[in-house]
Engineer: 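I have a structure I would like to understand better, so I am pasting it below and will then ask my questions one at a time.
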Amino acid sequence: AFVSAEVVELFLGPDWAPAAAALIVVSIYSVANFSRLLAPPVIKAVGKPHLLLWLNLVGLVYVGLGTVAAAPFGFRAQLGVWCSFSIVYFAASCLLLRTATGMGWRMQTAPIVRPTLAALGMATALWTADYAAAGLSAFPALAAKVGIGVASYSLLLGLLEWRFLSDLFGLRPMENSTT
């Protein structure tokens, strides 16, 4: 999302600048959709596929009515409907997974907390980089942002997952277990 303006300028040209907003929305929606990727198969696996009808119905109604309601306000308002739908989709799929399996919100969202915190830290670093790269052309700005994004996300996720990584790579002595 933070490199969309540079990507659009490099690959499509300056006439396509308004498309950068759509790329931002696709990025945000993709993250929310990916975080719930396993919800529908789990709901089917526990024998409650009819619940997925509700998820699709919520999506159709929300996006359909929202897009029509936002039409008089322009393209960006309609993109806002899609962007906000990512939040609705996330919440609705959590609710349906809870209904199907009894798995609570906390258990469902626990695996994405640390990566989300690292992504927010990366977003902060990239937001700051936007000001620093204001005078650069598209390619150097994109290269700088990609480097900053990779470095900040990797560093933050490494710090947040230090215990797991140190166990994985043998950096900490394993605790002795008695049998």
Engineer: Find out if a path of hydrophobic residues (ILVMFWY) with successive side-chain heavy-atom gaps under 4.5 Å connects L168 to W162.
Structural biologist: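 L168 and W162: one cluster.
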
Engineer: Can you measure from CD (E161) to CG (L156) and round to the nearest 0.5 angstrom?
Structural biologist: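 Nearest 0.5 Å value for the CD-CG distance: 12.0 Å.
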
Engineer: Which heavy-atom pair separates S86 from C83 by the least distance, and what is that distance?
Structural biologist: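 Looking at all heavy atoms of both residues, the shortest contact is OG-O, 2.5 Å.
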
Engineer: What class does the angle between the rings of F85 and Y89 fall in, given that below 30° is parallel, 30 to 60° is tilted and above 60° is perpendicular?
Structural biologist: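 The rings of F85 and Y89 sit tilted, inter-plane angle from 30° to 60°.
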
Engineer: Nearest 0.5 Å, what's the CG-CH2 distance between L120 and W127?
Structural biologist: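 So the gap between those two atoms works out to 13.5 Å.
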
Engineer: Quick one: does E9's side chain get under 4.5 Å of L142's, heavy atoms only?
Structural biologist: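 Of all side-chain heavy-atom pairs linking L142 with E9, none is under 4.5 Å.
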
Engineer: Can you name the nearest heavy-atom pair linking R98 to Q108, along with the distance?
Structural biologist: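 Looks like N-NE2, 3.6 Å.
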
Engineer: Could you list the donor-acceptor pairs under 3.5 angstrom formed between side-chain atoms of residues 43-72 and any protein atom two or more places apart in sequence or on another chain?
Structural biologist:
residue : atom : partner : partner atom : Å
N56     : ND2  : L52     : O            : 3.4
Y62     : OH   : S84     : OG           : 2.6
T67     : OG1  : V63     : O            : 2.6

Engineer: Are V146 and F139 connected in the hydrophobic side-chain network, where two residues link if heavy atoms are under 4.5 Å apart?
Structural biologist: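 Yes.
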
Engineer: Tell me the closest heavy-atom pair linking E6 and A138, and the distance in Å.
Structural biologist: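 Closest approach of E6 to A138: CG-O, 3.7 Å.
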
Engineer: So, for I148 and A129, which heavy atoms are closest and what is the spacing to 0.1 Å?
Structural biologist: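 Taking every non-hydrogen atom into account, CD1-CB, 3.7 Å.
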
Engineer: Side-chain contact, heavy-atom cut-off 4.5 Å: V8 with L23?
Structural biologist: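 V8 vs L23: side chains touch.
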
Engineer: Are any of the side-chain heavy atoms of W105 and L95 separated by less than 4.5 Å?
Structural biologist: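 Contact flag for W105/L95 side chains = yes.
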
Engineer: Nearest 0.5 angstrom please: L37 CG to S93 OG, how far?
Structural biologist: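 Taking CG in L37 and OG in S93, the distance rounds to 10.5 Å.
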
Engineer: Could you please spell out the steps behind the side chain to side chain contact (heavy atoms under 4.5 Å, CB included) verdict for F90 and C94?
Structural biologist: CA-CA 6 Å; F90 183 84; C94 281; 3.8 Å; yes

Engineer: Could you tell me which non-hydrogen atom of L97 sits nearest to which non-hydrogen atom of T101, and how far apart they are?
Structural biologist: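 What the structure gives for the nearest pair is O-OG1, 2.7 Å.
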
Engineer: Can you tell me if S152 uses its side chain to pair, donor with acceptor, with the backbone of G149 under 3.5 Å?
Structural biologist: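 Here the side-chain-to-backbone pair exists.
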
Engineer: Calculate, to the nearest 0.5 Å, the distance between atoms CZ and CZ belonging to R114 and F164 respectively.
Structural biologist: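 Going from the CZ atom of R114 to the CZ atom of F164 covers 10.5 Å.
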
Engineer: Which pair of heavy atoms, one from L160 and one from A118, lies closest together, and at what distance?
Structural biologist: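 Nearest heavy atoms, L160 then A118: CD1-N, 3.9 Å.
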
Engineer: Using the rule that Ile, Leu, Val, Met, Phe, Trp and Tyr join whenever any side-chain heavy atoms are under 4.5 Å apart, tell me whether M122 and I112 fall into a single cluster.
Structural biologist: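 Per the 4.5 Å side-chain linkage, M122 and I112 are not co-clustered.
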
Engineer: Are L165 and L117 connected in the hydrophobic side-chain network, where two residues link if heavy atoms are under 4.5 Å apart?
Structural biologist: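 No; tracing contacts between hydrophobic side chains, which count when under 4.5 Å, never links both residues.
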
Engineer: Using the rule that two of Ile, Leu, Val, Met, Phe, Trp, Tyr join whenever any of their side-chain heavy atoms come within less than 4.5 Å, decide whether F75 and W82 are in one cluster.
Structural biologist: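 Yes, F75 and W82 fall within the same hydrophobic cluster.
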
